[in-house]
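These notes are about the structure you will find just below.
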Amino acid sequence: MSVIIKRWHSTAEVAEMLGFGLTKTKFLVLSGQIRSVKDGRHRRILPQWVDDYVNKIAEGE
């Protein structure tokens with residue numbers, strides 16, 4: 001039996017992961033602070049891009 005590993009996160013999932021509200025997370029995505037790609041009407045975010053944002057904030061940039 002194979003296991004499907006989630007490769008993309010929605011904006012709402014990232015908000016929950018970071019402990020932010022959806023509005024703040026959407027702002028971070030739309031302003032480019034959290035990288036994303038547009039997939040139809042939705043934004044998709046790679047786990048690495050969430051890590052990049054957290055690392056950038058932790059470094060004080």
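On a predicted model such as this, the values are computed, not experimentally measured, just so you know.
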Do Leu18 and Leu30 belong to the same hydrophobic cluster, where Ile, Leu, Val, Met, Phe, Trp and Tyr are linked whenever their side-chain heavy atoms lie under 4.5 Å apart, directly or via other members? no
Do Ile45 and Trp8 have side-chain heavy atoms sitting under 4.5 Å apart? no
Compute both the distance and the angle, then confirm whether Lys24 meets the cation-pi test with Phe20: under 6.0 Å from the six-membered ring centre, within 45 degrees of the axis. yes
Are side-chain heavy atoms of Trp49 and His9 found at a separation under 4.5 Å? no
Do Val50 and Val37 land in one hydrophobic cluster if side-chain heavy atoms of ILVMFWY residues count as linked below 4.5 Å? yes
Restricting to side chain to side chain donor-acceptor pair (under 3.5 Å), what partner residues turn up for Arg43, sequence neighbours left out? Ser36
Candidate pair Lys56 and Asp52, rule side-chain contact (heavy atoms from CB on, under 4.5 Å), full reasoning: CA-CA 6 Å; Lys56 182 174 69 171; Asp52 291 346; over 6 Å; no
Hey, which of Val29, Asp39, Thr11, Val14 is the one that makes side-chain contact (heavy atoms from CB on, under 4.5 Å) with Arg44? Asp39
Note: Gly21 and Ala15 closest approach over all heavy atoms is O-CB, 3.9 Å
All side chain to side chain donor-acceptor pair (under 3.5 Å) counterparts of Glu16, not counting sequence neighbours: none
Quick check: is Ile34 connected to Leu22 through a chain of hydrophobic side chains (ILVMFWY, heavy atoms under 4.5 Å apart)? no
Indicate whether the side chain of Glu59 and that of Asn55 have a donor and an acceptor atom separated by less than 3.5 Å. no
Can you list the residues that meet the side chain to side chain donor-acceptor pair (under 3.5 Å) rule with Thr23, with sequence neighbours excluded? none
Using 0.5 Å steps for rounding, measure from the CZ atom of Arg7 to the CG atom of Leu46. 10.0 Å
